[in-house]
Amino acid sequence: MEMASLSGEYTVKPITEADIPAVLRLQESNPLFFRHCPPPPTADAVREDMDALPPGKCPEDKYFVGFWQGDALVAVLDLVLGYPDSQTAFLGLLMLDAAYQGRGIGSRILEGVLQSLKPSFSFVRLGYAKGNPQSERFWHKNGFSPTGSITKAEAYDIIVMQRKL
C-alpha cells in the first residue's frame, strides 16, 4: 500500500526515532485517552507502539505513520493489514493532536484511510477503551459498530468495533 494514498490533504510518512518527541507531544495533548487507556505516554511506549505486532503478523503488514501539515504532526495512525483475518485491516490507533480536534479533520483522515483500504479489504476493525466517551462517539459517528466482543487488557476492557468497507 502506498502511504500517499492514505491522505490527499496531509503528507503521510512513517514515524521514525526522530519523530518520537512530536508523537509524544501529540499524545500528551490527549489526557482523556490515557485516563481510560493507561499508562501515560512516554518515549519508550511510543517506541514499543512503533514495533508492536499482533500474533502472526510481520513488520511489512504494519504502518505506524504520521499525518503532517508542514512541520506539524496532526495525527498518528497505527494500522495492521490482514488482521485478524485476510479480509480485515486493524486500526490500532488513530490520534489527533488536540489542537486539530473538533473540526472534522479526524473524520476526513479516517475516510482517506478507509478509501485506500477498500480495494483490498472488506472490513476495518478496532478497539477502544470502555468508558471513553470521546472515542466511543468518534467511532460511532464514523460508521463503526460494536461486534459484541470485549477484550480484556491489564487495566481496562476494550470494546471491539468494526466497519464494512
Side-chain angles (χ1 to χ4, degrees), residues 1-86 88-101 105-117 120-121 123-129 132 134-135 138-139 142 144 151-156 158-162:
M1 180 171 66
E2 288 293 320
M3 275 184 263
S5 72
L6 295 175
S7 177
E9 191 173 348
Y10 299 97
T11 302
V12 181
K13 63 180 186 172
I15 296 294
T16 66
E17 182 73 23
D19 300 320
I20 289 175
V23 174
L24 193 53
R25 280 190 301 278
L26 181 147
Q27 290 183 341
E28 288 170 343
S29 78
N30 287 280
L32 179 64
F33 178 89
F34 291 99
R35 191 174 315 133
H36 292 280
C37 192
T42 65
D44 286 339
V46 173
R47 285 184 194 91
E48 288 174 22
D49 288 345
M50 289 168 64
D51 296 328
L53 287 167
K57 298 313 296 178
C58 60
E60 295 77 27
D61 298 322
K62 180 175 174 108
Y63 293 81
F64 194 82
V65 299
F67 291 74
W68 300 84
Q69 188 171 53
D71 292 336
L73 179 60
V74 174
V76 173
L77 172 73
D78 183 359
L79 176 67
V80 179
L81 303 180
Y83 183 80
D85 58 55
S86 63
T88 307
F90 189 83
L91 281 175
L93 177 71
L94 174 60
M95 183 177 286
L96 265 67
D97 185 293
Y100 294 89
Q101 294 175 13
I105 293 169
S107 295
R108 287 196 311 272
I109 288 173
L110 177 62
E111 267 314 304
V113 170
L114 298 179
Q115 289 305 310
S116 72
L117 294 171
S120 302
F121 297 95
F123 302 96
V124 175
R125 185 172 284 192
L126 58 87
Y128 74 91
N132 183 335
Q134 184 181 31
S135 293
F138 178 80
W139 296 119
N142 284 286
F144 285 81
T151 302
K152 299 281 185 190
E154 192 173 311
Y156 53 92
I158 301 167
I159 307 296
V160 180
M161 299 184 89
Q162 186 166 287

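Because only heavy atoms are used, hydrogens play no part in the values below, and waters and symmetry mates are left out as well, while side chains stay in. Owing to the predicted nature of the structure, the values given are computational and were not obtained by experimental measurement.
Nearest heavy-atom pair across Val113 and Ser116 is O-OG, 2.7 Å. Across all non-hydrogen atoms, the minimal contact from Tyr156 to Ala129 is CD1-CB, 3.9 Å. Residue Gly82 comes nearest to Phe121 through the heavy atom pair N-CE2, 3.4 Å, listed as atom of the first residue, atom of the second, then distance. Across Pro41 and Glu28, no two heavy atoms sit closer than the pair CG-CG, 3.9 Å. Closest non-hydrogen pair, Leu117 versus Ala89, comes out as CD1-CB, 3.9 Å. Considering all non-hydrogen atoms of both residues, Ala75 and Ile109 come closest at CB-CD1, 3.8 Å.
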Without placing hydrogens or testing angles, list every side-chain donor-acceptor pair under 3.5 Å for residues 6-13, not counting sequence neighbours.
| residue | atom | partner | partner atom | Å |
| --- | --- | --- | --- | --- |
| Ser7 | OG | Glu9 | N | 3.1 |
| Ser7 | OG | Tyr10 | N | 2.9 |
| Glu9 | OE1 | Arg108 | NE | 3.2 |
| Glu9 | OE2 | Arg108 | NH2 | 3.2 |

Using residues 30-39 as the side-chain source, report each donor-acceptor pair under 3.5 Å to any protein atom, sequence neighbours left out, with the distance given to one decimal.
| residue | atom | partner | partner atom | Å |
| --- | --- | --- | --- | --- |
| Asn30 | OD1 | Gln101 | NE2 | 2.6 |
| Asn30 | ND2 | Leu26 | O | 3.0 |
| Asn30 | ND2 | Leu96 | O | 2.9 |

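For the atom pair CG of Leu73 and CG of Leu24, the computed distance is 11.0 Å after rounding to the nearest 0.5 Å. In this structure, CG on Asp78 lies 10.5 Å from CE on Met50, to the nearest 0.5 angstrom. Atoms CG and CG, on Leu126 and Leu94 in that order, are 9.5 Å from each other to the nearest 0.5 Å. Within the model, atoms OH of Tyr100 and CE of Met95 stand 15.5 Å from one another, a figure rounded to the nearest 0.5 Å. Here Leu81 contributes atom CG and Lys57 contributes atom NZ; the two are 7.5 Å apart, rounded to the nearest 0.5 Å. The line from OG1 of Thr16 to CZ of Phe64 is 11.0 Å long, rounded to the nearest 0.5 Å.
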Show, in sequence, the C-alpha distance, side-chain angles and deciding distance for Trp139 and Leu110, and conclude whether the side chain to side chain contact (heavy atoms under 4.5 Å, CB included) test is met.
CA-CA 10 Å; Trp139 296 119; Leu110 177 62; 3.7 Å; yes
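Between Val160 and Thr151 there is a side-chain heavy-atom pair separated by less than 4.5 Å. Val23 has its side chain out of reach of Asp49: every pair of non-hydrogen atoms, C-beta onward, lies at least 4.5 Å apart. Between Pro21 and Arg25, the closest side-chain pair of non-hydrogen atoms falls below 4.5 Å. With contacts defined as side-chain heavy-atom distances shorter than 4.5 Å, the pair Phe67/Ile105 does not qualify.
Although no hydrogens or angles enter the test, the distance criterion places a donor-acceptor pair under 3.5 Å between the side chain of Lys62 and the main chain of Ala52. Asp85 places a side-chain N or O within 3.5 Å of a backbone atom of Thr88 that can act as its donor or acceptor partner.
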